[in-house]
J.: 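Take a look at this one; I'll ask things after.
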Amino acid sequence: MSISLSSLILLPIWISMAQIQQGGPDEKEKTTALKDLLSRIDLDELMKKDEPPLDFPDTLEGFEYAFNEKGQLRHIKTGEPFVFNYREDLHRWNQKRYEALGEIITKYVYELLEKDCNLKKISIPVDATESEPKSFIFMSEDALTNPQKLMVLIHGSGVVRAGQWARRLIINEDLDSGTQIPFIKRAMDEGYGVIVLNPNENYIEVEKPKIHVQSSSDSSDEPAEKRERKDKVSKETKKRRDFYEKYRNPQREKEMMQLYIRENGSPEEHAIYVWDHFIAQSAAENVFFVAHSYGGLAFVELNCCNWVSSSEPLDTSVESMLPDCPRVSAEIEKRTSRQSSGQREREKQASRGAGSPTRGSIPGPRDHDPSRRQPLND
């Protein structure tokens, strides 16, 4: 008997009906017929037709792509840009292929940061043991010793890592559009020390250990007949669960678990850690931040404090309905006197900082013409 792949769409409904239908002879006959039908399905054969193996190259050359002299990703044989829909009607497989290429590009950008930008890769936490999960940032040689100015770059959320603004732009447009490299090179040309944060590298993934659950019937005092009935139900449940799992995950991908990196388990934690252990220790008189998307919120976590009108004592935390930066009392309710009290506290806060970020201009992703450069400082 031949069963088409489209038949699987109806199987969850049939199985649910079989579970509900109990009692009369007709229902039992239908259940028996359904079980017989399921036993005839060659699930392995169906899965082979459903999706190719998720076995992708681990190099750009393996994908048959390379970056040309303009920093554009092109096929080495056809010269064409990257094609997402490599296999029609297999979106999941195409997405997995795209993600595999993205991981290679992440490593490629890391190499460019070290080789082309001459940055150093610094492991964090700085006191990490050999066995614990670690992350890293990139720094110029003079990042902590430059007495005048330091530039800190923070990317946004998602799959991007240190040195990237947007993976999509790297793949579909060019390296200058999607990476921080033009910013880094210009900053170093104009005498800045540079620190590149890595706020999305919050954990490592390891294979989830298999847990063997001992059958409850081994040590049960229940009657033998009841134990046998429970075991039978348990086996049928497992068989049904395995059936669904194989359809949902035909490649039998490994189950992974996340081990978070100490003091760097979120973008905000990472920003605070790098501030405390690197930026605040730098000799720079002025610190210049370039943040994109969620990176701006991570930076705000470091430096934002909003003094608001309140009758509470100065600096008392004030509840906010919005998820913005912390709000504290300015100890006044009249607008005319708010500035003096709040301003004094802001000045005290600023005097304790590691340096005042200076305003300035920095090129956008498409503005890298040296002839149009403007000084970073006003």
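Computed from a predicted model, the values in this text were never measured in an experiment. Side chains are part of it too, since the values below use all heavy atoms of this structure and drop only hydrogens, waters and symmetry mates.
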J.: Are any of the side-chain heavy atoms of Phe183 and Leu153 separated by less than 4.5 Å?
T.: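 Result yes, sub-4.5 Å side-chain heavy-atom pair found.
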
J.: Any idea which heavy atoms bring Ile170 and Leu73 closest together, and the distance?
T.: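 So the two residues come closest at O-CB, 4.4 Å.
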
J.: If you count heavy atoms of other groups shown closer than 6.0 angstrom to NE2 of His292, is the number above 12?
T.: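 Not more than 12 within 6.0 Å, no.
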
J.: If the test is side chain to side chain contact (heavy atoms under 4.5 Å, CB included), which one of Ile105, Asp58, Ile104 qualifies with Phe63?
T.: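 Among the candidates, only Ile104 passes.
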
J.: Would you check if Leu119 and Glu114 make a side-chain contact, meaning some heavy-atom pair closer than 4.5 Å?
T.: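 Leu119 vs Glu114: side chains apart.
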
J.: Quick check: do Val274 and Ile137 have side-chain heavy atoms less than 4.5 Å from each other?
T.: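 The answer is yes; the side chains approach within 4.5 Å.
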
J.: On a heavy-atom basis, which atom in Ala66 and which in Ile76 lie closest, and how many Å separate them?
T.: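 Minimum heavy-atom separation between Ala66 and Ile76: CB-CG2, 3.7 Å.
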
J.: With under 30° as parallel and over 60° as perpendicular, where do the rings of Trp275 and Phe289 fit, or are they tilted in between?
T.: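 Trp275 vs Phe289 ring planes: parallel.
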
J.: Taking all non-hydrogen atoms of both residues, which atom of Leu175 and which atom of Tyr108 are closest, and how far apart?
T.: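 Minimum heavy-atom contact is CD1-CE2, 4.2 Å.
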
J.: For the residue pair Ala162 and Val109, what are the closest heavy atoms and their distance?
T.: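 It is O-CG1, 4.0 Å.
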
J.: Write down the atom of Leu197, the atom of Ile154, and the distance for their closest heavy-atom approach.
T.: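 Distance-wise, the nearest heavy atoms are CD2-CG1, 4.0 Å.
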
J.: If you measure only the distance, is there a donor-acceptor pair under 3.5 Å linking the side chains of His75 and Glu64?
T.: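 Side-chain D/A pair, His75 to Glu64: present.
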
J.: Do other residues, nucleotides or ligands put more than 12 heavy atoms under 6.0 Å from the OH atom of Tyr86?
T.: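 For Tyr86, atom OH is not crowded (no more than 12 foreign heavy atoms under 6.0 Å).
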
J.: Is there a side-chain contact between Gln164 and His155, using heavy atoms and a 4.5 Å cut-off?
T.: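 A side-chain contact is absent here, since even the closest heavy-atom pair is not under 4.5 Å.
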
J.: Check ring pair (Phe, Tyr, Trp, His ring centres under 6.0 Å) between Phe136 and all other residues, then give those that pass, not counting sequence neighbours.
T.: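 Result, ring pair (Phe, Tyr, Trp, His ring centres under 6.0 Å) vs Phe136: Tyr110, Phe138.
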
J.: Can the ring centroids of Tyr98 and His91 be said to lie less than 6.0 angstrom from one another?
T.: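 No, the ring centres sit 6.0 Å or more apart.
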
J.: Using a distance-only test with no angle check, is there a side-chain donor-acceptor pair under 3.5 angstrom linking Asp142 and Thr145?
T.: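 Asp142 vs Thr145: no donor-acceptor pair found between side chains.
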
J.: Shortest non-hydrogen contact from Lys185 to Asp116?
T.: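 In this case the closest contact between Lys185 and Asp116 is CE-O, 4.0 Å.
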
J.: Is Arg97 paired with Asp55 through a side-chain N to carboxylate O contact shorter than 4.0 Å?
T.: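 Salt bridge between Asp55 and Arg97, a charged N being under 4.0 Å from a carboxylate O: no.
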
J.: Taking 4.0 angstrom as the limit, do Glu201 and Arg161 come out as a salt bridge?
T.: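 Salt bridge: yes.
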
J.: Decide yes or no for Tyr65 and Arg74: does some side-chain heavy atom of the first lie under 4.5 Å from some side-chain heavy atom of the second?
T.: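 A side-chain contact under 4.5 Å is absent here.
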
J.: Got a sec: does the CZ of Arg262 have more than 12 other heavy atoms crowding it under 6.0 Å?
T.: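 Counting other residues, nucleotides and ligands, CZ of Arg262 exceeds 12 neighbours.
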
